[in-house]
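Below, read A as the first sequence line, B as the second, and so on, with proteins coming before strands; counting in each chain starts at 1.
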Number of protein chains: 2
Amino acid sequence: MATAQHATDYDERVVNAAREVFAQQGFAAPISEIAELAGVGVASIYRRYPNKRELAEHVRIAATSRIIAEAETAREAESDPWKAFELFMHGCLREHTGIGVVLPPHADCRGFSEELLTLRDRMISRVEELVAAAQHAGGLRGDLRAADVFVLFKHLNPPLATDEPRRAELRARYLALVLPGLRDSSVPLPGAAPDWEELRRMCEGGADSEPAEERVGSG
Amino acid sequence: MATAQHATDYDERVVNAAREVFAQQGFAAPISEIAELAGVGVASIYRRYPNKRELAEHVRIAATSRIIAEAETAREAESDPWKAFELFMHGCLREHTGIGVVLPPHADCRGFSEELLTLRDRMISRVEELVAAAQHAGGLRGDLRAADVFVLFKHLNPPLATDEPRRAELRARYLALVLPGLRDSSVPLPGAAPDWEELRRMCEGGADSEPAEERVGSG
DNA sequence: CCTCACCGGAACGGATCATTCCGCTCCGGC
DNA sequence: GCCGGAGCGGAATGATCCGTTCCGGTGAGG
């Protein structure tokens, strides 16, 4: 039916716009921006999601699932562990992957659904496996940790420069700039990789996640 | 005199705090945050600067000057162009350099003083010279542009994770991760480096700069 | 022409932030 | 010990932004 088709079309545009806006600007981005990018009114978003938090959670779940799928696909498609790792990195930075949206799950886990937390853990496991395999047999430097990969994602993702084709070009450029260096272990990495808690704080500062939690003191 | 000393002390704490906060959170950071980090009241900031814009400009001028100095120092201290480039990168990411604050001059030049615009141009020139020299004789990959260096700074700077020593550790870690790759030109960089205008847009989205265009206010 | 479903955008209320105002403390002079 | 003023911290103010809700408009089906 025309009507159902129309609704589906709207759903998709809203979700896509939300993914892009959240990925690029963080979860503090205004709903109106999503509406504008989607070419709909704000009310059309609220007609589909009860509030911003639920929209954000939906987007996070979708993006996290997609990253997991990228990891599994990469492993299956490539027997060479380094190639698989490379493929995964490229896959995560492809258009519409919404990689920018998977950091906040590490960044701000307060009040998330079990589903999302489970997905988050699975995503981390998949990345750890890819890294370990590439280190064992692929020449990936041994002192790289999975958390570093997420830091790279965080930096490689949100150019936000212009339109998507150009953004993809920029992601590709900086991925190409960084990837070869990951195999050069002539100089050991100083310091320790961030743990998930620290990564959380690193992402919180950059692009705000949810408004805030309990406003404690003062009055 | 105790009084003069005290005032100087306050000035310094305010400027340092402003540099850190602006560098990590962008120029949209609230003044109250700066005040808190400096351990002073907001009024003490306004007693020294007529408004937020002038404080920001002061910080930008200081940081930009410092980057220029780092570039000149590096060139003079090292005859090997690659070493000079490396030294410059490390120098810019040292504590208190405020590298995060030099991006917005490219990011949002509206209504800046001639002084700052001149410094900005000089800073760009110095970086271009270092890059060209390192490419000519130092093994730096030939397709790296000066704008890429600023993109790297943008990503290497604002961990914001915890306290400064740890932040310095993180900056060092990711600089060490990236630097070796800059000499590996086996795979040419795809896409084009951003021009200054595009870099401006890239920074605008990430961490807000000034509120918006001309906000008349302040009556 | 009427009804129903769905839209876009204006309206509302709360939160945030730049800036100003005010009462307090500390210091030197008497 | 008491007075005047400089300088301070934080509360008060006014404007803006943003999440959410409300409402009048529009097009399809009957």
Side-chain angles (χ1 to χ4, degrees), chain A residues 1-15 17-18 21-22 25-59 111 204-205 207-219, chain B residues 1-15 17-18 21-22 25-59 111 204-205 207-219:
Chain A
M1 302 302 289
T3 306
Q5 182 52 55
H6 186 218
T8 300
D9 180 45
Y10 259 60
D11 280 350
E12 223 164 277
R13 282 202 284 166
V14 166
V15 171
V21 169
F22 284 149
Q25 308 191 19
F27 287 97
I31 290 277
S32 56
E33 192 125 358
I34 296 172
E36 189 176 2
L37 180 61
V40 307
V42 279
S44 291
I45 295 180
Y46 279 93
R47 236 165 261 125
R48 288 166 178 74
Y49 301 90
N51 52 48
K52 188 181 182 181
R53 169 174 285 267
E54 300 234 0
L55 170 60
E57 178 147 342
H58 184 255
V59 167
E204 256 178 1
D208 223 338
S209 32
E210 314 275 313
E213 202 72 354
E214 324 180 9
R215 196 107 300 193
V216 191
S218 57
Chain B
M1 284 289 141
T3 306
Q5 182 52 55
H6 185 218
T8 301
D9 181 44
Y10 258 60
D11 280 351
E12 224 164 277
R13 282 202 283 166
V14 166
V15 172
V21 169
F22 284 148
Q25 307 192 19
F27 287 97
I31 290 277
S32 57
E33 192 124 357
I34 296 172
E36 188 176 1
L37 180 61
V40 308
V42 280
S44 292
I45 294 180
Y46 280 92
R47 233 166 262 123
R48 286 165 179 75
Y49 300 90
N51 52 48
K52 188 181 182 181
R53 168 174 287 266
E54 300 233 0
L55 170 61
E57 178 145 343
H58 185 254
V59 167
E204 256 179 359
D208 223 338
S209 31
E210 312 276 312
E213 39 239 52
E214 319 186 9
R215 202 109 266 158
V216 181
S218 158

Checklist entry - Does the side chain of A/Arg47 get closer than 4.0 angstrom to OP1 or OP2 of C/dC6 through an N or O atom? => result no
Checklist outcome for this item: A/Tyr10 atom OH is separated from C/dG8 atom P, nearest whole Å, by 3 Å
Checklist entry - Is a side-chain N or O of B/Asp11 found less than 3.5 angstrom from the main chain of B/Val14, in a donor-acceptor match? => result no
Next on the checklist: Using whole Å, what does the distance between atom C1' of nucleotide D/dC8 and atom CZ of B/Arg48 come to?
Outcome noted: 9 Å
Checklist entry - Looking for any heavy atom pair under 4.0 Å, which part of the strands does A/Val42 touch: base, sugar-phosphate only, or nothing? => result base
Checklist entry - Whole-Å distance between D/dG7 C1' and B/Asp9 CG? => result 14 Å
Checklist entry - Should B/Ser32 be listed as having a side-chain N or O under 4.0 Å from OP1 or OP2 of C/dC17? => result no
Checklist entry - Given atom CG of A/Leu55 and atom C1' of D/dT20, what is their separation to the nearest angstrom? => result 14 Å
Item to check | Which nucleotide in D/dC22, C/dC7, C/dA18 has an atom nearest any side-chain atom of B/Pro30 | outcome: C/dA18
Checklist entry - For B/Asp11 and D/dC8, what is the distance between atoms CG and C1' respectively, to the nearest whole Å? => result 14 Å
Checklist entry - B/Ala43 has a side chain; which of C/dC7, C/dC21, D/dC8 sits nearest to it? => result C/dC21
Item to check | Interatomic distance, A/Lys52 NZ vs D/dT20 P [rounded to whole Å] | outcome: 8 Å
Item to check | Test item: B/Lys52 side-chain N/O and B/Pro30 main-chain N/O as donor-acceptor pair under 3.5 Å | outcome: no
Next on the checklist: To the closest 0.5 Å, what do you measure between CD (A/Glu12) and CG (A/Asp9)?
Outcome noted: 7.0 Å
Checklist outcome for this item: Comparing B/Gly39 with A/Pro50, nearest DNA chain D nucleotide closer to 5' gives the residue B/Gly39
Checklist entry - Between the base of D/dG19 and the side chain of A/Arg53, is there a donor-acceptor distance below 3.5 Å? => result no
Checklist entry - Where do B/Ala29 and B/Phe22 come nearest, in terms of heavy atoms and distance? => result O-CE2, 4.3 Å
Item to check | Among C/dC21, C/dT19, C/dG8, the nucleotide that comes nearest once only the side chain of B/Tyr46 is considered | outcome: C/dT19
Checklist outcome for this item: Scanning both residues in full, the closest heavy-atom pair of A/Val15 with A/Val59 reads O-CG2, 4.4 Å
Item to check | A/Ile31 CD1 to C/dA15 C1', straight-line distance once rounded to whole Å | outcome: 16 Å
Item to check | B/Asn51 CG - C/dC17 P separation (whole Å) | outcome: 18 Å
